[in-house]
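Chain letters run A, B, ... following the sequence lines, proteins first, then strands; residues in each count from 1.
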2 protein chains.
Amino acid sequence: MRAHSLATTPNLKCEDCPIRHRAVCAKCESDELRELDGLKYYRTVPAGQTVVWSGDEMDFVASIVSGIATLTQTMEDGRTQMVGLLLPSDFVGRPGRAQAAYDVTATTEVTLCCFRKRPFEDMMRRTPNIGQRLLEMTLDELDAAREWMLLLGRKTAREKIATLLTIIVRRDASLQLMGRDGPLEFDLPLTREAMADYLGLTLETVSRQVSALRRDGVIVLKGKRHITIPDFDRLLEETGDDADGGMLT
Amino acid sequence: MRAHSLATTPNLKCEDCPIRHRAVCAKCESDELRELDGLKYYRTVPAGQTVVWSGDEMDFVASIVSGIATLTQTMEDGRTQMVGLLLPSDFVGRPGRAQAAYDVTATTEVTLCCFRKRPFEDMMRRTPNIGQRLLEMTLDELDAAREWMLLLGRKTAREKIATLLTIIVRRDASLQLMGRDGPLEFDLPLTREAMADYLGLTLETVSRQVSALRRDGVIVLKGKRHITIPDFDRLLEETGDDADGGMLT
DNA sequence: CGGTAATTTGAAAGTCATCAAAATGAGTGG
DNA sequence: CCACTCATTTTGATGACTTTCAAATTACCG
């Protein structure tokens, strides 16, 4: 069964890699890139499949090339909390640690650019550009985690949903360029249950609050997953964050 | 008023520093330490005072030498969430960022070992040992943040209190050595309100749950702040985490 | 020994969870 | 192409847990 999950994929050359300028390799020079090219191997995981189980021996680290994965923690009685949402260019695994601390699950089909841990750690020691970039990325993740803590600890269910939607919109925006003002549209990459695990809610509450935002005209649904946002500032007001909506200071 | 908060203190020599082996300088060689010695200046902040306000220009980074500080986020309507608890050896500020992202407040009197940001960043570029140590520390903080997210999103009020108590006990243990089995004792370094901000609760709920744990014999109070834990495994069971209590596998 | 901040306690209300069932939708095979 | 099945989502009714508002109590400081 190991063989199944280790499906490999032909490697892309680093120069053509879509995450070349955002991933852990972003600061690497061309000679460093060549070395990475020799270490790496691609691996594709189908939607829904677990990449690593918490506690498992983990002999590789990886960058997400495409697709979406989640980090989750589970309590003994089954309560689960998502603690990371991994997008293209995000890093999986921790140099210097043998066992995975969280479950990593592919939400969509995911392609990983993997490095065996030992060789990667060795190279990191010799290559400041990698460690420096990983530090930047980790600091960004820590900031994101702290925003998330505010959401989990202090926001209402409605604010949580609105905030999650703005996060998804911003993510889409950072990947694609898009018209600033027109109505925004996107597909939810998460099930209601995954949204609930992200937000510290039940899936029923998620469903109810999504419906409420729809009733109030903050969002428009086409099907269950496709969302249109007629007025982004209106959505922002619902998040509880800086009501920076009035821009006429 | 700036002068007030900039009270300086005579520097300790790095060799004699109590956080020498845990702080951002932990991996530095003696020559590197000498250079840091030239950059650093001590600063002491009285209990209750804010060190930096979120959004402020921040021209230094620092290590906590002694005392306890908190990182908090505040929403417009006043809801606040603690997002970091800073103990001796913890790092304050982010290299490469001009403005503080959070409020930093001294819970007890705090002594900081400060470095002006620009010189520190310059040295970091030249000194891999600093960046490497900062990466380790940031990864640890990220793990802690993720545990915290599970607490905020999924634990009950009672479990939250029990978990916070174990965190404080473990912290004390990591600083001092202590008898493994006897009843543990310590002073709460946080007010009920600070505990509430940590846990995403109201201070009333904190008070009630502390009283409930006392009634149930999980903890013993002497005064409001001094706590004795007669049976640590019993407390662990209350956290909702791995009921690893039964150690007779 | 007051005075103020911190903490506890009480009563009522609200938000979200839980349990249950219906509705919707996607994929499969006839 | 449609019926069927299973997973996902919605909706409803009820209740638990936590918050809110208020007041009493305790502790700390000068």
Nearest whole Å is fine: how far is [N] [atom2] from [X] [atom1]?
X	N	atom1	atom2	value
R154(A)	dT15(C)	CZ	P	16 Å
R79(A)	dC16(C)	CZ	P	18 Å
L201(B)	dT15(C)	CG	P	18 Å
L213(B)	dT7(C)	CG	P	16 Å
K155(A)	dG14(C)	NZ	P	24 Å
L188(B)	dT8(C)	CG	P	10 Å
K222(A)	dG25(C)	NZ	C1'	18 Å
M195(A)	dC16(C)	CE	C1'	16 Å

> Taking atom CD of Q209(A) and atom CD of E159(A), what is their separation to the nearest 0.5 Å?
Replying inline: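 Separation between the atoms: 10.0 Å.
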
> Just how far is it from atom OG of S211(A) to atom CG of D216(A), taken to the nearest 0.5 Å?
Replying inline: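 Between S211(A) OG and D216(A) CG, I get 10.5 Å after rounding to 0.5 Å.
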
>> Tell me if a side-chain donor or acceptor on Q73(B) pairs with a main-chain N or O of M82(B) at a distance below 3.5 Å.
In response: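 Flag not set: sc Q73(B) to bb M82(B) has no pair under 3.5 Å.
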
>> Tell me if a side-chain donor or acceptor on W148(B) pairs with a main-chain N or O of R146(A) at a distance below 3.5 Å.
In response: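 A pair under 3.5 Å: no.
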
> Got more than 12 heavy atoms from elsewhere within 6.0 Å of CD, E204(A)?
Replying inline: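 Enclosed.
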
Scan [X] against the nucleic acid and name what it touches under 4.0 Å (heavy atoms): base, sugar-phosphate only, or nothing.
X	answer
G48(A)	nothing
R225(A)	sugar-phosphate
T202(A)	base

> Which residue lies toward the 5' end of DNA chain C, K224(A) or T205(A), if each is placed at its nearest nucleotide?
Replying inline: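 It is T205(A), whose closest nucleotide lies nearer the 5' terminus.
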
>> With a 3.5 Å cut-off and heavy atoms only, can you find an N or O donor on one side and an acceptor on the other between the side chain of E204(A) and the base of dC16(C)?
In response: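 Result: no qualifying N/O pair found.
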
> A101(B): what forms a side chain to side chain contact (heavy atoms under 4.5 Å, CB included) with it, not counting sequence neighbours?
Replying inline: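 For A101(B), the residues satisfying side chain to side chain contact (heavy atoms under 4.5 Å, CB included) (neighbours in sequence not counted) are R97(B).
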
>> Starting the side chain at C-beta, find the nucleotide from dA11(C), dT18(C), dT8(C) nearest to L203(B).
In response: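 For L203(B), the side-chain atoms sit closest to dT8(C).
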
> What is the 5' to 3' range of DNA chain D, first to last nucleotide, that sits under 4.0 Å from any heavy atom of chain A?
Replying inline: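 Nucleotide range in contact with chain A: dT9(D) to dA13(D).
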
>> Among D56(B), L112(B), D103(B), V110(B), exactly one meets side-chain contact (heavy atoms from CB on, under 4.5 Å) together with V51(B). Which residue is that?
In response: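 So the option named by the test is L112(B).
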
